Amino acid sequence: MKTVSTVSELKIQVRAWHQAGQSVAFVPTMGNLHDGHSSLVQEASKRADKVVVSIFINPMQFDNQEDLAIYPRTMEDDSNVLKAMNTDLLFLPTPDIMYPKGLDNTTFVEVPMLSGLFCGNSRPGHFRGVTTVVNKLLNLVEPDVAIFGEKDFQQLLLIRHMVADLFMNVEIVGAPTLREPSGLAMSSRNNYLSTEDREDKAPIIYQVLSETKAQIKAGDRDFANLELAAAKRIDEAGLNTDFFSIQNAANLSDAQSDDTDLVILVAAFLGKARLIDNLFFEV
Ligand code: PAF
């Protein structure tokens, strides 16, 4: 695995691959890699000849500077995981490379329809940070395909909208959420949970998601009531529900009884962690 930090080293390598007729898949990350990330890298290697991974803890997507300060930095372990997976190139830009004029003076990208909803409402400015950095990274790497986890459903939808609206020349692929045996979605944030919370409390999120999906599939269309009952069960298990919402999967508007593609979005606080998950399906 080649590790580079400068834009020129990155571009020379990726252009050489493209000139040799080789396709490139890209997986952007913020490091602290777990099996969920490995599955994205695996998906990338199925989709292209060469795999580029970036690790950049993007300051622009943190609404809280404390969260940025304590975000786990595990570069040596991450690098070993990526080497073991035969990653071809690891790109490690610095904040100065990504934001040469500073965060307050940079051009930004925003998807206004979607960036203020759900996670964007709870974390103001978060999605502007995500779409801006993903746009910059895609412009630098120039991949044929880029892989994002379906666990961050709203993020994936925003990126798809950005790429379509700005006519960006890259295919965006969503990779399925990886789960622990309990059903808990894999996430770097699970590291903030105590063993007891992780094993006994957090799995309620996926249980309630799955049961609500089954109720909708069985014909229940009283979405407001389903949402209230689900949030109550999550709260009773010792979490604090931020939102539990049944939405149209294409545009995140409130689900209507004749919608055919739905997503259930959930975010809940447990200890220091804010856990998110979702299920999307056809009815
Ligand atoms: O999902 C993430 O890890 C980040 O939001 C991303 C896409 C790497 C942008 O910083």
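Excluded from the calculations below are hydrogen atoms, water molecules and symmetry mates; all remaining heavy atoms, backbone and side chain alike, are included. Quick caveat, the model's predicted, so the values are computed rather than measured.
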Test item: [X] side-chain N/O and [Y] main-chain N/O as donor-acceptor pair under 3.5 Å:
{"X": "T29", "Y": "G31", "value": "yes"}
{"X": "T177", "Y": "K151", "value": "yes"}
{"X": "R128", "Y": "S115", "value": "no"}
{"X": "D152", "Y": "Q155", "value": "no"}
{"X": "S39", "Y": "G36", "value": "yes"}
{"X": "Q65", "Y": "D63", "value": "no"}
{"X": "T260", "Y": "V283", "value": "no"}
{"X": "T212", "Y": "V208", "value": "yes"}
{"X": "D197", "Y": "Y192", "value": "no"}

Quiz item: Salt-bridged, R179 to D277, with N to O below 4.0 Å?
Solution: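 Looking at D277 together with R179, the answer is yes, because their closest N to O distance falls below 4.0 Å.
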Quiz prompt | Cationic N near anionic O, under 4.0 Å, E180 to R198 | solution =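 Counted as a salt bridge, because a side-chain N and a carboxylate O are separated by less than 4.0 Å.
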Let me confirm one number: the [atom1]-[atom2] distance from [X] to [Y], rounded to the nearest 0.5 Å.
{"X": "K50", "Y": "D88", "atom1": "NZ", "atom2": "CG", "answer": "4.5 Å"}
{"X": "F223", "Y": "L228", "atom1": "CZ", "atom2": "CG", "answer": "14.0 Å"}
{"X": "I55", "Y": "L90", "atom1": "CD1", "atom2": "CG", "answer": "5.0 Å"}
{"X": "E171", "Y": "S23", "atom1": "CD", "atom2": "OG", "answer": "10.5 Å"}
{"X": "L265", "Y": "L279", "atom1": "CG", "atom2": "CG", "answer": "10.0 Å"}
{"X": "L184", "Y": "L193", "atom1": "CG", "atom2": "CG", "answer": "7.0 Å"}

Quiz item: Between F91 and F26, is the ring centre distance below 6.0 Å?
Solution: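 No; F26 has its ring centre 6.0 Å or more from that of F91.
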Exercise. For side chain to side chain contact (heavy atoms under 4.5 Å, CB included), just list the numbers for L166 and V109, CA-CA rounded to whole Å, side-chain angles, deciding distance to a tenth of an Å, and then say yes or no.
Key: CA-CA 10 Å; L166 301 181; V109 179; 4.1 Å; yes
Quiz item: Does a sphere of radius 6.0 Å around CG in N169 hold more than 12 heavy atoms from other residues, nucleotides or ligands, not counting ones at 6.0 Å or beyond?
Solution: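 For N169, atom CG is not crowded (no more than 12 foreign heavy atoms under 6.0 Å).
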Practice problem: State whether the number of non-hydrogen atoms from other residues, nucleotides or ligands found under 6.0 Å of K217 atom NZ is greater than 12. | Solution: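 Result for NZ/K217: enclosed.
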Exercise. Find out whether S245 and E227 are in side-chain contact, i.e. whether some heavy atom of one side chain is under 4.5 Å from a heavy atom of the other.
Key: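 The answer is yes; the side chains approach within 4.5 Å.
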Exercise. Taking the side chain as every heavy atom from C-beta outward, state whether L117 and Q247 have any atom pair closer than 4.5 Å.
Key: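 Contact flag for L117/Q247 side chains = no.
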Quiz item: Using the ring of each side chain (for Trp, its six-membered ring), is Y99 parallel, tilted or perpendicular to F56, with breaks at 30° and 60°?
Solution: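 If you compare the ring of Y99 with that of F56, the planes turn out tilted.
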Quiz prompt | F243 and F118 aromatic ring geometry - parallel, tilted or perpendicular at 30°/60° bounds | solution =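 F118 vs F243 ring planes: perpendicular.
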Quiz prompt | Donor + acceptor pair across side chains of D144, H18 (<3.5 Å) | solution =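 Looking only at side-chain atoms, H18 and D144 do form a donor-acceptor pair, the distance falling under 3.5 Å.
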Quiz item: Is there a donor-acceptor contact under 3.5 Å linking the side chains of S253 and N251?
Solution: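 Result is yes, a qualifying pair exists.
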Practice problem: Please lay out, stage by stage, how E142 and R15 fare under the test side chain to side chain contact (heavy atoms under 4.5 Å, CB included). | Solution: CA-CA 9 Å; E142 298 181 272; R15 286 192 176 157; 2.9 Å; yes
Quiz item: Would N135 and M162 count as a side chain to side chain contact (heavy atoms under 4.5 Å, CB included) if you check the C-alpha gap in whole Å, the side-chain angles of each, and the deciding distance to 0.1 Å?
Solution: CA-CA 8 Å; N135 188 290; M162 172 184 75; 3.8 Å; yes
Self-check item: Derivation of the side chain to side chain contact (heavy atoms under 4.5 Å, CB included) call for F127 and V111
Solution: CA-CA 8 Å; F127 284 122; V111 181; over 6 Å; no
Quiz item: Under the side-chain hydrogen bond (donor to acceptor under 3.5 Å, both in side chains) rule, what pairs show up with a residue in residues 231-242, not counting sequence neighbours?
Solution: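 Matches after skipping sequence neighbours: S122-D242, E211-R233, K232-E236, D235-T241, D242-R274.
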